[in-house]
Amino acid sequence: MVLSHGVSGSDDSVHSTFASRYVRTSLPRFRMPEQSIPKEAAYQIINDELMLDGNPRLNLASFVTTWMEPECDKLIQASVNKNYVDMDEYPVTTELQNRCVNMIAHLFNAPLGDSETAVGVGTVGSSEAIMLAGLAFKRRWQNKMKAAGKPCDKPNIVTGANVQVCWEKFARYFEVELKEVKLSDGYYVMDPAKAVDLVDENTICVAAILGSTLNGEFEDVKLLNDLLAEKNAKTGWDTAIHVDAASGGFIAPFLYPELEWDFRLPLVKSINVSGHKYGLVYAGIGWCIWRSKEDLPEELIFHINYLGADQPTFTLNFSKGSSQVIAQYYQLIRLGFEGYKNIMENCQENAMVLKRGLEKTGRFNIVSKDNGVPLVAFSLKDSSRHNEFEISDFLRRFGWIVPAYTMPPDAQHVTVLRVVIREDFSRTLAERLVLDIEKVMHELDALPARVANGDSATAAAAASEREMAKQREVISLWKRAVLAKKKTNGVC
Amino acid sequence: MVLSKAVSESDMSVHSTFASRYVRSSLPRYRMPENSIPKEAAYQIINDELMLDGNPRLNLASFVTTWMEPECDKLIMASINKNYVDMDEYPVTTELQNRCVNMIAHLFHAPLGESETAVGVGTVGSSEAIMLAGLAFKRRWQNRRKAEGKPFDKPNIITGANVQVCWEKFARYFEVELKEVKLRDGYYVMDPEQAVEMVDENTICVAAILGSTLNGEFEDVKLLNDLLDKKNKETGWETAIHVDAASGGFIAPFLYPELEWDFRLPWVKSINVSGHKYGLVYAGIGWCIWRNKEDLPEELIFHINYLGADQPTFTLNFSKGSSQVIAQYYQLIRHGFEGYRNIMENCHENAMVLKEGLEKTGRFNIVSKDEGVPLVAFSLKDRSRHDEFEISDMLRRFGWIVPAYTMPPDAQHVTVLRVVIREEFSRTLAERLVLDIEKVMYQLDALPSKLMPPTLPAPLLAKTAAKRTELETQRSVTDAWKKFVLAKKTNGVC
């Protein structure tokens, strides 16, 4: 064993990484290696393997920020070793979080007096924020039902079928029934009238989305508020609204300031927004804001008392990094209202450039609306020979990651491709993407059809029994394909 | 308005940050500012305000890693814009997480076949891991009760009163009753016998801690396993164990490999560990490992299907950064078993240096054990004139953050100071800390006691003393004392 140590010593000091033996040996994948390896080798090996990940900036599937200014990167690096939860040790970082909460609360028109502090919390993302908001609603509802002497064991929540997967998680983990308003062809968000219909005395709240994941559309929260207020007046239940503004919360105030969707509507009691989407911060930060203290039951809040100072906390996570909170504050003061507005207007412009480019090809239907989150969701006019999934595959070869999804029930027959326009998606990139999509269509046109649907085109010529049998086969194939793509609403 | 714009541009291009007007104006604190400011100004202003935060490396309160090698910092910054949850877009990062899960599962002796993959998940920290593990236990228990036709509306979980606050959160948020085994003077962890006694048919699991927050002690998981096994045979309930190895999970395998606390014990069904404590990664990564597939109910797992590939997920958080997962993998392969062992041995050594230094002053009782998490918890032998909170305050002036805590019930009369020995707490720093503590004791000895009611000048004191009865005086002393102690309610400790 001494001999091996000697050899290793010579390797470490003399050989460059790629000359050393460390790149010759296969790294253990499932068990920790016995020995240490030099840090340069560890760095190189991992760095090189990561080259095969997608390029985050070409990942057009994601709403989550993939670029920040170098000055902000410096702040992030400097605070990466600060454990956010040590509030007493890092009072300034804690104060920065509080400032962000207040700024965002005011952005959402929370009804706060001049010197009143907002009620809200920084989270790891909208998932945590939604779980906290849901918990608050659930506890309030339970308390109300207990006080009225009624059973409180069957809470439910009303949402659209277009909700992001975290609502399903909330429902499943916290034992709340999820009552989904089904979509319909051409109407891909929650219908307020249908939602209010589903409300019963066990409903803890109705969740509306500002910026639907699948097509970026804003739900009509005002209409929901008005209909719900009507129903509440009749029934005496106080069913309230939570707005999942994960994407839209940092868009609507800048592009559509007249749109009433936030605390200006009296039944809206809490709102979540992702700092890491259009809040323009890297992944790992979200915000949940409550209308007022009454909407957040005191019994859910923990009081932690380090070295004398009382710090109330309501989060699911405890230790976590401070970098994203500091980065959020940087963006809020660096850009200000003016800066955010400029960025959102640019995103909107570039989305229009992409949309017009796609329309000009004549091959696509545009499924997304102009108003809403700056994204372009489009589907093929003719998907008889090739479908959107193949386009998505082919685009990967150019480096672009453009996902294809089927819509949730009852619109599962509709498949869309979706491009999210983020801050760093310039007009140049938009034009290049259109060119590459045209190239892909050209290639696909030259290939034979892949999909079984092609058979139905010849069904007319067949005998009636054969036609029925074929149709049956097509339907079952299609069903299998769709079900295999089933849980594609787990999309961020 | 045109005029202001012109002035602003001139400012931006010509003036250095501290010459510009941006450091003259007060930043809005509660509302977003209307206008943008230059990035250099934004950076400088925030950076400067953050100078007043504590120095993370001198924060001896925390178990969480505060230093990593520069090569790892490079990997972290390079992956900071990768959203971890986009598994299909970042398959290598996903693969690295899976490798970490497997490595840690094997470290904990999960009973896996040669080509069997481990069941586990990366989380944001032990809080999330514990909530997931608790959820799994709760669901399994509910399914079992439903199958037996018994009521399942009153689940409870048994822990020691020394548990970290996230167990209380789990209990409160997921509507499980928390049955705590009380501590007592001299015994600051969960007593396995008392715990097993409290188990009833509604108990979803018993949670043991490997590395108690307050004094670093390892609970006797083996004894708990054996006692629970006996009770399960008698009652037919299958109450199992979850081990909260947040700190101990990356210490015991390297310093105490013979200690049986993990999946070697048959009743241990899940374990959580913090990657960001002795896993040696910055804050933001934890791991939850289950013994095998049966211990994680399938209905809790979501299947996300992007572009065709099925990726099962079971987490509370969705989008989050990838940096810490990559950093954890870096540490596991960079150090290997040998490296982790060397680091833990160094930590232990330095903890002994600190402990011996404190013992030599003759003023302190050492409350922590030698075995366990490398930390030193100590209290004053004589608290009549000054207490541990004052020592903590005065150490701050030297730059050290050393917290003081009261123990949970029923040992609330015991207060300790606690120093956590992390990877980068060298012997030099340990010796310096002892010196500074001696300086603080010296300064405190010279100060009048804070704990007695304020003394009035002598003539006045005589007058007022004559007017008050002895009973009243004693009552006012007791009141002052009560108020002082209650103000220091300090159980929510990490």
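In what follows, chains are A, B, ... by sequence order, proteins preceding strands, each numbered from 1.
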Please classify the contact of [X] with chain A as side chain, backbone, both or neither, using a heavy-atom distance under 4.5 Å.
{"X": "B:L135", "result": "side chain"}
{"X": "B:E388", "result": "neither"}
{"X": "B:E49", "result": "both"}
{"X": "B:T65", "result": "backbone"}
{"X": "B:F314", "result": "both"}
{"X": "B:L112", "result": "neither"}
{"X": "B:Y84", "result": "neither"}

When only pairs under 4.5 Å are counted, which of [options] shares the most heavy-atom pairs with chain A?
{"options": "B:H335, B:M51, B:M103, B:E69", "result": "B:M103"}
{"options": "B:P33, B:G339, B:G284", "result": "B:P33"}
{"options": "B:L75, B:N81, B:T123", "result": "B:N81"}
{"options": "B:L332, B:T117, B:N317", "result": "B:N317"}
{"options": "B:T93, B:I104, B:L52", "result": "B:T93"}

Rounded to the nearest 0.5 Å, what separates atom [atom1] in [X] from atom [atom2] in [Y]?
{"X": "B:R334", "Y": "A:I37", "atom1": "CZ", "atom2": "CD1", "result": "7.5 Å"}
{"X": "B:S319", "Y": "A:I285", "atom1": "OG", "atom2": "CD1", "result": "12.5 Å"}
{"X": "A:L316", "Y": "B:C166", "atom1": "CG", "atom2": "SG", "result": "11.0 Å"}
{"X": "B:I45", "Y": "A:I333", "atom1": "CD1", "atom2": "CD1", "result": "5.5 Å"}
{"X": "A:N55", "Y": "B:E89", "atom1": "CG", "atom2": "CD", "result": "11.5 Å"}
{"X": "A:Y43", "Y": "B:K74", "atom1": "OH", "atom2": "NZ", "result": "4.0 Å"}

Which heavy atom of [X] sits nearest a heavy atom of [Y], and at what distance?
{"X": "B:Y340", "Y": "A:M32", "value": "CD1-CE, 3.6 Å"}
{"X": "B:S36", "Y": "A:E338", "value": "N-OE1, 2.7 Å"}
{"X": "B:N59", "Y": "A:D86", "value": "ND2-OD2, 3.1 Å"}
{"X": "A:K82", "Y": "B:P56", "value": "CG-CG, 3.7 Å"}
{"X": "A:P91", "Y": "B:D53", "value": "N-OD1, 3.1 Å"}
{"X": "B:Y90", "Y": "A:G54", "value": "CE2-O, 3.5 Å"}

Heavy-atom pairs under 4.5 Å with chain B: which of [options] has the most?
{"options": "A:G321, A:C72, A:G125", "result": "A:G321"}
{"options": "A:E175, A:E40, A:E128", "result": "A:E175"}
{"options": "A:E95, A:Q331, A:Q142, A:K341", "result": "A:Q142"}
{"options": "A:H106, A:K320, A:K138", "result": "A:H106"}
{"options": "A:Q324, A:M68, A:R139, A:Q44", "result": "A:R139"}
{"options": "A:D73, A:N342, A:T66", "result": "A:T66"}

**Message:** What verdict does the side chain to side chain contact (heavy atoms under 4.5 Å, CB included) test give for A:D153 and B:D153, after you've listed the backbone C-alpha separation in whole Å, the side-chain angles of each residue and the deciding distance to 0.1 Å?
**Reply:** CA-CA 9 Å; A:D153 58 326; B:D153 56 325; over 6 Å; no
**Request:** Evaluate side chain to side chain contact (heavy atoms under 4.5 Å, CB included) for A:V64 paired with B:V85, printing each intermediate quantity in order.
**Result:** CA-CA 11 Å; A:V64 176; B:V85 81; over 6 Å; no
**Message:** Evaluate A:Y173 against B:M131 for side chain to side chain contact (heavy atoms under 4.5 Å, CB included), listing each step before the verdict.
**Reply:** CA-CA 10 Å; A:Y173 296 164; B:M131 291 186 189; over 6 Å; no
Which region of [X], side chain (C-beta onward) or backbone (N, CA, C, O), has a non-hydrogen atom less than 4.5 Å from a non-hydrogen atom of chain B, or is it both or neither?
{"X": "A:F170", "answer": "neither"}
{"X": "A:T315", "answer": "both"}
{"X": "A:L50", "answer": "both"}
{"X": "A:L96", "answer": "side chain"}

**Asked** Got more than 12 heavy atoms from elsewhere within 6.0 Å of CZ, A:R31?
**Response**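 Incorrect, the count does not exceed 12.
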**Request:** Give the C-alpha distance, both sets of side-chain angles, the deciding distance and a yes or no for side chain to side chain contact (heavy atoms under 4.5 Å, CB included) between A:N102 and B:R29.
**Result:** CA-CA 8 Å; A:N102 280 278; B:R29 282 145 201 275; over 6 Å; no
**Request:** Decide yes or no on salt bridge (charged side-chain N to carboxylate O under 4.0 Å, His left out) for A:K39 and B:E71, but give the supporting numbers first.
**Result:** CA-CA 7 Å; A:K39 51 197 172 92; B:E71 282 71 11; 3.4 Å; yes
